[in-house]
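What follows is a short report on a single structure.
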Amino acid sequence: MSQTQVRVRFAPSPTGYLHVGGARTALFNWLFARNQQGVFVLRIEDTDQERSTEASVGAILRGLSWLGLDWDEGPGKDGPWGPYFQSERRPLYRETLAQLRAAGHVYRCFCTDADLQRREQTARDAGRGWDGYDGHCRDLTAAQVAAYETDGRPAAWRLRTPADGVTFWYDIVVGKREFQNAVLTDRVLMKADGFPTYNFAAVVDDHAMGITHVLRGDDHVSNTPLQLLIYAALGWPPPKFGHMPMILGPDRKRLSKRHGAVAVEEFQAQGIVPQAMVNYLALLGWSIGAGGDEVLSVDALIKRFSLKKVNSSPAAFDYDKLEHINSQHLKRMGPAERRTLALPLLAERGWVYDPAWMVPGAADQAGYVDRLLALLGGRFSSLRLLPEQLGFFFVEDFPRDEAAWQEHVATATNRAHLAALGAALAQGLPAAEPAVAAAYEAVVRDLAAGLGVPAGDLIHPARVALSGQVRSAGIFEVMEALGGPRVIARLQRAAGA
RNA sequence: GUCCCCUUCGUCUAGUGGUCAGGACACCGCCCUUUCACGGCGGCGACACGGGUUCGAACCCCGUAGGGGACGCCA
């Protein structure tokens, strides 16, 4: 009862789309919050005036929403700790900076970009290293400062970093991490344009928003000692830190566009369903432990998630495994869920059910689609294949596997068989009512017996003639779902074409 | 160049001193199916290397190699 509530945050900068790395970070924060009955905060870090865009904010929000990562506080969900855009929190950064000034922890730096570059060059030419800043303005006299101010030179504020000692923390993921203060330079906290830098704003906001755990990418490790120093200068207790391993491409280089899809919205466009994306991302750098199915619902993930099981080594993104997880989710879906996914894809193409097809039991589009999806069974494993799997049930100009057509349809014998089958069905099926699979099967087998050929000699040509493909669901079920009139017409057309 | 981290099958991983080093993806084979998937069964395949410590090391220590990350008035 006395323990404080977990508050975590995802803090993207709106400079692009939501990529898988960000999505994974967001997901781990979200899973931890939901597992701990904590609060998940979304904070937009738009302190870079040049690069931040509103379009990017939209893309990030859309990506998170698609994944189902709902935030308790953030854009569109004001809470007591808002606003949640850093650009709207500037007074707070100024006040906090004033505290630091009063305590002598920061100093004004009048160096321009050009100054710094010139001194870096000089240092390097002389064989001395350059670690980012040389402390040029650290000990300016009051007179020098006054002179610069009179000139109206813009100034940034830098943190006065201790020259010795160590800064360390116990990282949730890797354990103790330690940096020599000597390798840390006096970093800018407040830019000359009056905006805070990332490290300063993050500390101020994490503290102000009561964040208890900072879970972020491993690329932030080297920011942590600096942030810890800021907490110390302010006299604030730091949160706990956990750094998630990076996500690499299949070649173990940092995952990038050249490896394939990286934006969450691209995966959506490729037919990945959100629960599969979430499932796969959760498996990257985290595992549920020994045994147990890796295919997990979001609820199961929430229940099982633990920071203790987060890995410390970078993981390569495996598109094949994502596809597999996706197909598993698809296959395990109930009829209603399947229909919800399929209907829009059909509507897009104008594929609608027609009662004249005489399909038993199909009353309308939804009913027909349900029947087709059930027929697909385990073949319902990719949204991308769906149009191809369903097209021939709706239109006559369905795609046709030419090689298969040549082999199974376009020979004299096969054409003769198809013609005979068409005729047999026209005669053998009840004319006025929908026929079921068994009725088609009976006709096919009788005809094969009469002709003295194996049933397969009729089945294979029929499959290609009806669907254009060499693979499909059971042929008699396909016939049933196509309806007598269309089956007969297609067979006859194939026989004559 | 400086600093930090990581290292179990090709990939994701289980494993915390005694295991035939387990599972999943991918790949291969068989079964099921007069098709194709699904499914079932089986196979291939790893403790980066070298030293220690220990009766015993994937697990502990040191070193080497490889990989990743960070070195901005970007976040």
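No experiment lies behind these values; they were computed from the predicted model shown. Reminder, nothing fancy here: chain letters follow the sequence lines and each chain counts from 1.
- With C1' as the reference atom, rG50(B) and rG42(B) are 38 Å apart, rounded to whole Å.
- A salt bridge does not link D46(A) with R51(A): every distance from a Lys NZ or Arg NE/NH1/NH2 to an Asp or Glu carboxylate oxygen is 4.0 Å or more.
- No side-chain donor-acceptor contact under 3.5 Å links H207(A) and T96(A).
- Counting atom types as modelled, R51(A) pairs a side-chain N or O with a base atom of rC74(B) as donor and acceptor under 3.5 Å.
- At a threshold of 4.0 angstrom between heavy atoms, the contacts of N223(A) include nucleobase atoms, whether or not backbone atoms are also involved.
- Contact of R379(A) with rC38(B) (side chain to base): no donor-acceptor pair of N or O atoms is detected under 3.5 Å.
- Nucleotide rC5(B) holds its C1' atom 6 Å from the CG atom of D218(A), rounded to whole Å.
- Between the CZ atom of R119(A) and the P atom of rG72(B) there is a distance of 14 Å, rounded to whole Å.
- Checking rA14(B), rC12(B), rA26(B) against every side-chain atom of D320(A), the shortest atom distance belongs to rA26(B).
- Note: H213(A) and F32(A) have perpendicular aromatic rings, judged against thresholds of 30 and 60 degrees for the angle between ring planes.
- Among the protein residues, E45(A) comes within range of the sugar-phosphate backbone only, with heavy atoms under 4.0 Å from sugar or phosphate atoms but none that close to a base.
- Counting non-hydrogen atoms under 4.0 angstrom, I459(A) reaches a base of the nucleic acid.
- Heavy atoms of S312(A) sit under 4.0 angstrom from primed sugar atoms or phosphate atoms, though from no base atom.
- For the OP1/OP2 pair of rC73(B) and a distance below 4.0 Å, the side-chain nitrogens and oxygens of R158(A) include at least one atom meeting the criterion.
- Atom P of rC25(B) sits at a distance of 15 Å from the matching atom of rG43(B), rounded to the whole Å.
- Nearest nucleotide to the V174(A) side chain, out of rC12(B), rG68(B), rC6(B): rC6(B).
- Taking side-chain N and O atoms only, T15(A) has no distance below 4.0 Å to OP1 or OP2 of rA75(B).
- Across all strands, R332(A) comes closer than 4.0 Å to no nucleic acid atom at all (heavy-atom distances).
- Annotation: rA21(B) and rC47(B) have their P atoms spaced 12 Å apart (nearest Å).
- Residue-level contact check: Q328(A) touches the backbone only, with heavy atoms under 4.0 Å from sugar-phosphate atoms and none from bases.
- At the heavy-atom level, R463(A) lies under 4.0 Å from base atoms of the strands shown.
- The distance from atom CE of M190(A) to atom P of rC74(B) is 13 Å, rounded to the nearest whole Å.
- A salt bridge is defined here as a Lys NZ or Arg NE, NH1 or NH2 lying under 4.0 Å from an Asp or Glu carboxylate O, and K176(A) with D171(A) fails to meet this definition.
- The side-chain contact (heavy atoms from CB on, under 4.5 Å) with V214(A) is formed by just one residue from the set Q227(A), R9(A), K240(A); it is R9(A).
- The phosphate of rA75(B) has OP1 or OP2 within less than 4.0 Å of a side-chain N or O from T47(A).
- Taking atom C1' in both rG23(B) and rA14(B), the straight-line distance is 7 Å, to the nearest Å.
- The nearest whole Å value for the distance from the CG atom in L184(A) to the C1' atom in rC4(B) is 11 Å.
- Regarding contacts with the backbone of rC12(B), every side-chain N or O of K309(A) stays at 4.0 angstrom or more from both OP1 and OP2.
- Side-chain N/O atoms of N199(A) include none lying less than 4.0 angstrom from OP1 or OP2 on rC73(B).
- The gap from the C1' atom of rA37(B) to that of rG45(B) amounts to 26 Å, rounded to the nearest Å.
- If you check every strand for non-hydrogen atoms under 4.0 Å, A192(A) touches a base.
- A sub-4.0 Å separation between OP1 or OP2 of rA70(B) and a side-chain N or O of R254(A) is present.
- Rounded to a whole Å, the CG atom of L248(A) is 14 Å from the C1' atom of rG66(B).
- Looking at R124(A) and E120(A), a side-chain N of the basic residue comes within less than 4.0 Å of a carboxylate O on the acidic one, giving a salt bridge.
- If you check the side chains of D205(A) and Y93(A), you find a donor sitting under 3.5 Å from an acceptor.
- Using a 4.0 Å heavy-atom distance criterion, R124(A) is classed as making no nucleic acid contact.
- Residue contacts shown for G132(A) are limited to sugar-phosphate atoms, with no base heavy atom under 4.0 Å away.
- In this structure, CG of L189(A) is placed 13 Å from P of rC74(B), rounded to the nearest angstrom.
- Classified by interplanar angle (parallel below 30°, tilted 30° to 60°, perpendicular above 60°), the ring pair W169(A)/F241(A) is perpendicular.
- The 5' end of RNA chain B is approached more closely, in terms of each residue's nearest nucleotide, by E294(A) than by the other of T112(A) and E294(A).
- Pairing of rU2(B), defined by two Watson-Crick or G-U wobble distances under 3.5 Å, is identified with rA70(B).
- Using a 4.0 Å heavy-atom criterion, one finds that A156(A) contacts the bases of the nucleic acid, with or without backbone contacts as well.
- Rounded to a whole Å, the CG atom of L18(A) is 19 Å from the P atom of rA75(B).
- Only the P atoms considered, rA26(B) is 28 Å distant from rG69(B), to the nearest whole Å.
- OP1 or OP2 of rG68(B) has at least one side-chain nitrogen or oxygen of K253(A) nearer than 4.0 Å.
- Base pairing of rC27(B): its partner is rG43(B), meeting the Watson-Crick or G-U wobble criterion (both donor-acceptor distances under 3.5 Å).
- Separating the C1' atom of rA46(B) from that of rC59(B) is a span of 15 Å, rounded to the nearest Å.
- Among the nucleotides rG69(B), rC74(B), rC6(B), the one closest to any side-chain atom of S313(A) is rC6(B).
- Looking at heavy-atom distances under 4.0 Å, H220(A) makes contact with a base.
- Contact check on E323(A) versus R384(A) returns a salt bridge, with a Lys/Arg side-chain nitrogen under 4.0 Å from an Asp/Glu carboxylate oxygen.
- Here G285(A) lies in heavy-atom contact (under 4.0 Å) with sugar-phosphate atoms only.
- R471(A) CZ: 12 or fewer foreign heavy atoms inside a 6.0 Å radius.
- For rA48(B), the paired base is rU64(B) (Watson-Crick or G-U wobble, both distances below 3.5 Å).
- Counting non-hydrogen atoms under 4.0 angstrom, K176(A) reaches nothing in the nucleic acid.
- Not one side-chain nitrogen or oxygen of K321(A) sits closer than 4.0 Å to the OP1 or OP2 atom of rU13(B).
- One atom, CG of D193(A), and another, C1' of rG72(B), lie 13 Å apart when rounded to the nearest Å.
- Comparing W286(A) and D46(A) by the nucleotide of RNA chain B whose heavy atom lies nearest to each, the residue mapping closer to the 5' end is W286(A).
- Nucleotides rU13(B) and rA57(B) have their P atoms positioned 28 Å apart, rounded to a whole Å.
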